[in-house]
Amino acid sequence: VEKAMTLGPPKEQDVPLQIPTKTKLYVENTQRERDKATDMHRIFQHDLVRLRLKVAESYVKLITDKPFETYANDTASLKIDANVAGLGPNFRIRLRILNS
């Protein structure tokens, strides 16, 4: 049994999406983010640099401590994966640390 090939976009593309109306809170938040975008980005970058510094300081402390020498070997590795969620003044950083 052969199927007829149709050219063009699928039928589902013609179905309109139900988009909710913009609330007053949404409009106010977007305006605030537009007005303070530079400050928010600067603060985000500052906090990210502080986090990287703190991780580096902790790593140096870890490798210079005496107990670390007993656990260290050439095959040990540690992988850190950071995901940032959010762009506003509040954001969440999820750190995943893998010992492989």
Side-chain angles (χ1 to χ4, degrees):
V1 177
E2 290 185 27
K3 286 189 173 183
M5 295 282 296
T6 58
L7 298 177
K11 290 185 279 184
E12 293 84 6
Q13 189 170 342
D14 294 331
V15 177
L17 297 176
Q18 294 180 354
I19 300 173
T21 59
K22 295 179 183 177
T23 64
K24 183 179 178 184
L25 178 64
Y26 172 79
V27 172
E28 289 172 356
N29 280 341
T30 54
Q31 185 60 41
R32 179 182 54 83
E33 288 178 4
R34 281 187 200 136
D35 294 342
K36 301 191 182 276
T38 306
D39 292 336
M40 290 186 338
H41 181 68
R42 182 184 46 78
I43 292 168
F44 171 77
Q45 290 294 327
H46 181 263
D47 290 344
L48 190 58
V49 167
R50 281 186 21 213
L51 176 65
R52 288 178 179 163
L53 176 64
K54 188 69 174 172
V55 168
E57 288 173 345
S58 298
Y59 180 71
V60 168
K61 184 177 184 284
L62 178 70
I63 63 174
T64 57
D65 285 346
K66 289 289 184 185
F68 182 76
E69 294 172 3
T70 60
Y71 299 112
N73 61 30
D74 292 337
T75 61
S77 66
L78 189 65
K79 180 179 178 183
I80 299 175
D81 183 27
N83 292 321
V84 179
L87 291 176
N90 298 322
F91 56 89
R92 179 176 294 156
I93 297 177
R94 176 191 282 171
L95 293 175
R96 189 175 71 179
I97 302 171
L98 298 173
N99 185 8
S100 54

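The analysis underlying the following values was restricted to heavy atoms, covering all of them including side chains, and did not include hydrogens, waters or symmetry mates. Nothing here was measured: the structure is a model prediction, and the numbers come from that model.
Hydrophobic clustering (side-chain heavy atoms under 4.5 Å, transitive across Ile, Leu, Val, Met, Phe, Trp, Tyr) keeps L53 apart from L95. In the hydrophobic clustering of ILVMFWY residues, with side-chain heavy atoms under 4.5 Å counting as a link, I97 and V84 come out together. With hydrophobic clusters built from ILVMFWY side chains whose heavy atoms lie under 4.5 angstrom apart, V55 shares a cluster with F44. At a threshold of 4.5 Å between side-chain heavy atoms, the hydrophobic network of Ile, Leu, Val, Met, Phe, Trp and Tyr places I93 and I43 in two separate groups.
Under a 4.0 Å N-O distance rule, the pair D47/R50 qualifies as a salt bridge.
Of the N and O atoms on the side chains of E33 and N29, not one donor lies less than 3.5 Å from an acceptor on the other residue.
Atom CZ of R94 is separated from atom CG of D81 by 10.0 Å, given to the nearest 0.5 angstrom. Taking CD of Q45 as the reference point, atom CG of L48 lies at 6.0 Å (rounded to 0.5 Å).
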Subject >> salt bridge (charged side-chain N to carboxylate O under 4.0 Å, His left out) assessment of D39 paired with R42 >> reply: CA-CA 5 Å; D39 292 336; R42 182 184 46 78; 3.7 Å; yes

